[in-house]
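Worth knowing before you read on, the calculation uses all heavy atoms, side chains too, and leaves out hydrogens, waters and symmetry mates. Counting starts at 1 for both ligands and their atoms, following the listed order.
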Amino acid sequence: MEFAQFHPTALAMEGAPRFLISEAVRGEGAWIVNRDGKRFVLDVDPRGELAGRDVVARAIWEELERSGERCVFLDCSPLGARAAVRFPTIAATCARYGLDITRQPIPVSPAAHYMIGGVTTDLDGATSVPGLYACGEVAHTGVHGANRLASNSLLESLVFSQRAVHAALGWAGESPPGQPRPTKVTSRPRASTLDPRDGWNALRDALWAGAGVVRDQTGLRAAARSCDDVVAATSGGTTLSTMQLHAAASTASLVCAAALAREESRGCHLRSDLPQASDQWYGDLVMHKDRGARFDRHL
Ligand SMILES: Cc1cc2nc3c(=O)[nH]c(=O)nc-3n(C[C@H](O)[C@H](O)[C@H](O)COP(=O)(O)OP(=O)(O)OC[C@H]3O[C@@H](n4cnc5c(N)ncnc54)[C@H](O)[C@@H]3O)c2cc1C
């Protein structure tokens, strides 16, 4: 759960959605610059804008921390008028917010993009619960390593969905009817005093500040405390919005716990206090509810 991938360049304009500006724009020759027009990514990697997703996201994050700005800019001027022809959807979306990408730089900042971890499955989508299959972003098949390659959701949607459906049909055909039984809910319902909007804002702020592109122990501990507060405040809630918030806070809490446990930097998990990868941490962390949420190394 510590491996949350960030996309380096999401549109960062007041009132506009966090629309992704595809990496293909950089592939075609656009530059990432700060307010002074400097191509700062070149300072950390000679590949500049063509460096990996994690490298570029981290360079932007650090530039934002250094400058105190809310965004950097994607400058499409090297593409000239070709920018709008080659990327009509991006051009049209930006135009809706008053931005002409052939003449004006696009304000961008990193955004959460893909959860590499998830429910542990085998290569047929089977989880540890008999009859429960998971596929898609929610599943952890292990195929993405610590740094998913762009567009590999296709693998999840085309390959693993089919495998999971076949395996589930096979399981249903072989298993006696009535299995498995749903787990009995033991918690007593109670009203939550937390306004869900406040809870979502608290979660968002805590994760961005403490479990974002670059993490460290202090920030992760603070984020974990905030997530746990929301978990506690929504526990046993019976409205849909409270239950959704409870599920999100529980997931966020697992992200923080896993990121704290992995004492190294690897792939898209970047710890400023532990910047090197360590052989000791080569492998997966798997959390087991029945074993008190401890971590098991699963190589
Ligand atoms: C902005 C953006 C751009 C992306 N671009 C690319 C790309 O170019 N290439 C690429 O490969 N990947 C891309 N990704 C990643 C990819 O889109 C996702 O990984 C993929 O769509 C996930 O599909 P999914 O079906 O597993 O999950 P989702 O699309 O998240 O579907 C899960 C569904 O389950 C529903 N649901 C949730 N809880 C419940 C419940 N309790 N009961 C019933 N239903 C429920 C949700 O409403 C949702 O409809 C992008 C992601 C983002 C955010």
Side-chain angles (χ1 to χ4, degrees), residues 1 3-13 16-28 30 52-54 56-57 60 71 74 86-90 92-94 96-97 106-127 129 131-165 167-168 182-183 185 187 196 199-200 203-204 207-208 211-213 231 234 237-252 254-255 267-268:
M1 295 297 283
F3 293 111
Q5 189 173 66
F6 287 79
H7 194 286
T9 54
L11 183 62
M13 284 178 83
R18 300 283 282 142
F19 176 74
L20 291 191
I21 311 295
S22 160
E23 277 150 341
V25 180
R26 280 179 280 134
E28 287 282 318
R53 209 171 245 188
D54 55 315
V56 179
I60 295 176
C71 64
L74 195 59
R86 179 72 183 80
F87 302 107
T89 309
I90 293 172
T93 304
C94 290
R96 268 207 300 284
Y97 298 95
I106 310 170
V108 290
S109 70
H113 183 53
Y114 192 89
M115 172 47 71
I116 291 175
V119 182
T120 299
T121 66
D122 65 13
L123 293 179
D124 287 321
T127 69
V129 178
L132 180 67
Y133 291 77
C135 63
E137 191 165 333
V138 73
H140 170 63
T141 52
V143 294
H144 301 303
N147 213 353
R148 164 186 171 267
L149 292 177
S151 283
N152 260 356
S153 303
L154 285 175
L155 185 63
E156 305 285 357
S157 59
L158 294 178
V159 178
F160 286 103
S161 57
Q162 195 183 44
R163 291 181 72 107
V165 166
T183 312
V185 177
S187 61
W200 283 109
L203 269 189
R204 211 172 275 128
L207 287 178
W208 186 247
V213 180
V231 171
T234 51
T238 48
T239 63
L240 181 60
S241 59
T242 305
M243 289 191 283
Q244 284 173 330
L245 180 57
H246 184 73
S250 305
T251 306
L254 292 178
V255 170
C268 61

Protein residue, atom and distance nearest to atom 17 (O) of ligand 1, heavy-atom basis: Ser153 OG, 4.5 Å
Option of least heavy-atom distance to atom 50 (C) of ligand 1 (set: Glu23, His113, Glu156, Arg18): His113
Side chain, backbone, both or neither: the part of Tyr114 lying under 4.0 Å from ligand 1 by heavy atom: side chain
Distance flag for atom 48 (C) of ligand 1, protein heavy atom under 4.0 Å: no
Pairwise distance OG1(Thr239) to CD(Gln244) - rounded to 0.5 angstrom: 9.0 Å
4.0 Å protein heavy-atom contact status of atom 29 (O) of ligand 1, strictly under: no
Within-cutoff protein neighbour (heavy atom, under 4.0 Å) for atom 19 (O) of ligand 1: yes
Enumerated ligand 1 atoms positioned under 4.0 Å from heavy atoms of Gly136: 26 (O)
Heavy atom of protein closer than 4.0 angstrom to atom 37 (C) of ligand 1: no
Closest protein heavy atom (residue, atom, distance) for atom 24 (P) of ligand 1: Glu137 N, 4.2 Å
Sidechain-backbone polar pair: Thr9 side chain, Ile21 backbone, donor-acceptor under 3.5 Å: yes
Any non-hydrogen protein atom less than 4.0 Å away from atom 52 (C) of ligand 1: yes
Partner of Val143 under side-chain contact (heavy atoms from CB on, under 4.5 Å), chosen from Asn152, Ile116, Leu155: Leu155
Nearest non-hydrogen partners of Val56 and Pro8, listed with the distance: CG1-CB, 3.7 Å
Check: His144/Glu156 side-chain N/O donor and acceptor closer than 3.5 Å: yes
Protein non-hydrogen atom found under 4.0 Å from atom 10 (C) of ligand 1: yes
Atoms of ligand 1 close to Asn152 [distance to a heavy atom under 4.0 angstrom, numbered from 1]: 11 (O)
CG-CD distance between Asp54 and Gln5, expressed to the nearest 0.5 angstrom: 7.5 Å
Contact check, side chains of Leu123 and Arg163, non-hydrogen atoms, under 4.5 Å: yes
Heavy-atom protein neighbour under 4.0 angstrom from atom 4 (C) of ligand 1: yes
Protein heavy atom under 4.0 Å of atom 13 (C) of ligand 1: yes
Which segment of Arg148 sits under 4.0 Å of ligand 1 when only heavy atoms are counted: side chain
Test item: Tyr114 and His7 side chains (from C-beta on) under 4.5 Å apart, heavy atoms: no
Closest protein heavy atom to atom 7 (C) of ligand 1, given as residue, atom name and distance to 0.1 Å: Ser151 OG, 4.3 Å
Smallest separation among heavy atoms of Gly118 and Met1, with atom names: N-SD, 3.6 Å
Closest heavy-atom pair and its distance - Ala112, Phe6: N-CD2, 3.5 Å
Shortest non-hydrogen contact from Ser250 toward His246: OG-O, 2.7 Å
Close-contact set for ligand 1 against Leu20 heavy atoms, below 4.0 Å: 1 (C), 2 (C), 3 (C)
